[in-house]
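The structure under discussion appears below in the form of structure tokens.
The first residue of the sequence shown is numbered 1, and numbering continues consecutively from there. All values below were derived from every heavy atom in this structure, side-chain atoms included, with hydrogens, water molecules and symmetry-related copies excluded.
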Amino acid sequence: MSSILAIEASAEACSVALACGGQVYSRSVSRAKSHSQVILPIVDELFTEADFIPANLDAIAYDCGPGAFTGLRIGLSFSQGLALGWNKPLLAIGSLHSLAQATFSLRPEISSVVTLLDARMGEFYAAVFERNGSDLLVLKQPFLCAYAQVEEQMGTFAGMHTALVGLGVRETSAAWQTQFAYVDECLNPDAVAMLELAQSAWQRAEAIPVEQAELLYLRNSVTWDKHKPRRNRDL
């Protein structure tokens, strides 16, 4: 197992996880508007608990989105700062990917998962994934989906071996939810799930230098320009 630190700050709960020496150490804090205050103390706690030093770390994983603009920027800023200070590369992990990975870990019988995060303004961040051994196969790439169109655009993925998860599920109809084998409207992207994906990404040599880090914005979070997906490199 590679030694990786994962930081997740895009969701309601802020979580940090450290994989080292064949073990995983993690913390999660659910306090509104506290992400920027708790990340560094949690990182210190995990390194102390693991009796591990940053010099021996292989990489730092961060949530590249899509998700809440402020949370994503906080997570990336801390990840970049630590990576610069420790001279470590970064691993970009998608929020919907980690949401799917968390589902597969919780429910081994599930073969595919529809992920929905509330993007506000009557829209979801949505994607569909399938279990592919220890990896994820993307059946539908992350995109913006209107509340009113979710059943039309995602209905073909419903089934007895499919899960429907994420905070966006709260905005879907109860009738549609019954078409899925498992439904969880409280599941957040999580740093432990990020670690599982980061391990595979590290083995595929997908680590990037700090200056190449970017976030996926399916909607421009400043101007609310919804004409096209874009990646923002202005860090």
Side-chain angles (χ1 to χ4, degrees), residues 1-31 33-65 67-102 104-105 133-136 188-216 231-235:
M1 177 185 288
S2 303
S3 298
I4 298 173
L5 177 71
I7 297 174
E8 164 54 59
S10 73
E12 289 182 351
C14 175
S15 58
V16 181
L18 171 66
C20 62
Q23 301 291 322
V24 173
Y25 306 84
S26 65
R27 295 281 192 284
S28 180
V29 177
S30 298
R31 289 202 303 267
K33 300 181 180 180
S34 67
H35 293 11
S36 62
Q37 301 170 10
V38 302
I39 290 177
L40 288 183
I42 292 176
V43 170
D44 288 339
E45 287 179 16
L46 295 183
F47 276 101
T48 299
E49 181 182 346
D51 191 22
F52 190 74
I53 60 175
N56 294 332
L57 201 65
D58 290 312
I60 298 172
Y62 73 96
D63 185 339
C64 64
F69 176 80
T70 300
L72 289 175
R73 298 282 293 194
I74 288 172
L76 177 57
S77 295
F78 277 97
S79 298
Q80 284 184 302
L82 294 174
L84 280 170
W86 297 338
N87 192 28
K88 302 298 178 182
L90 294 171
L91 293 163
I93 306 297
S95 54
L96 297 174
H97 292 69
S98 62
L99 189 57
Q101 183 63 40
F104 290 136
S105 297
S134 59
D135 294 324
L136 297 180
N188 278 296
D190 176 77
V192 173
M194 285 179 64
L195 275 183
E196 298 180 55
L197 297 173
Q199 292 288 343
S200 297
W202 177 258
Q203 294 300 319
R204 294 192 298 267
E206 293 178 359
I208 58 175
V210 174
E211 62 270 18
Q212 291 183 15
E214 58 184 12
L215 296 172
L216 173 63
R231 288 182 179 269
N232 189 326
R233 294 176 181 269
D234 183 19
L235 303 177

* Structure fact -> One should read off an interatomic distance between Ile74 CD1 and Cys14 SG, to the nearest 0.5 angstrom, of 8.5 Å
* Asked: Roughly how far, to the nearest 0.5 Å, is OG of Ser36 from CZ of Arg73?
  -> 14.0 Å
* **Considering all heavy atoms, the nearest Leu99-Pro189 contact** => CD1-N, 3.9 Å
* For the student: nearest non-hydrogen atoms of Met1 and Gln23, plus distance -> SD-O, 4.0 Å
* Starting at CD1 of Ile39, measure out to CD of Glu8 and round the result to the nearest 0.5 Å. => 9.5 Å
* Asked: So which heavy atom on Ala213 is nearest to which on Gln80, and how close?
  -> CB-NE2, 4.0 Å
* To do: Measure the OG1-OH distance between Thr48 and Tyr25 for me, rounded to the nearest 0.5 Å.
  => 11.5 Å
* Any donor-acceptor N/O pair, Ser15 side chain to Ala191 backbone, under 3.5 Å -> yes
* What is the distance from atom CG of Leu76 to atom CD1 of Ile60, rounded to the nearest 0.5 Å? -> 11.0 Å
* Would you confirm whether Asp58, through its side chain, and Ser3, through its main-chain N or O, come within 3.5 Å as a donor-acceptor pair? => yes
* Which atoms form the tightest heavy-atom contact between Ala100 and Leu136, and what is the distance? -> CB-CD1, 4.3 Å
* Side chain proximity check, Phe69 to Leu215, heavy atoms < 4.5 angstrom -> no
Which side-chain N or O atoms in residues 192-201 pair as donor and acceptor under 3.5 Å with protein atoms at least two apart or in another chain?
| from | atom 1 | to | atom 2 | distance (Å) |
| --- | --- | --- | --- | --- |
| Glu196 | OE1 | Gln101 | NE2 | 2.9 |
| Glu196 | OE1 | Ser105 | OG | 3.3 |
| Glu196 | OE2 | Ser105 | OG | 3.2 |
| Gln199 | OE1 | Ser2 | N | 3.0 |
| Gln199 | NE2 | Ser2 | O | 2.9 |
| Ser200 | OG | Asp135 | OD1 | 3.2 |

What donor-acceptor contacts under 3.5 angstrom involve side-chain atoms of residues 86-96, with partners at least two apart or in another chain?
| from | atom 1 | to | atom 2 | distance (Å) |
| --- | --- | --- | --- | --- |
| Lys88 | NZ | Ala55 | O | 2.9 |
| Lys88 | NZ | Leu57 | O | 2.8 |
| Ser95 | OG | Gly65 | O | 3.4 |
| Ser95 | OG | Pro66 | O | 2.4 |

* Is a donor on one side and an acceptor on the other found under 3.5 Å between the side chain of Gln212 and the backbone of Glu214? -> no
* Heavy-atom pair with the smallest gap, counting every atom of Ala61 and Ser79 -> O-OG, 4.2 Å
* Structure fact -> Looking only at heavy atoms, the pair that brings Leu82 and Ile7 closest together is CD1-CD1, 4.0 Å
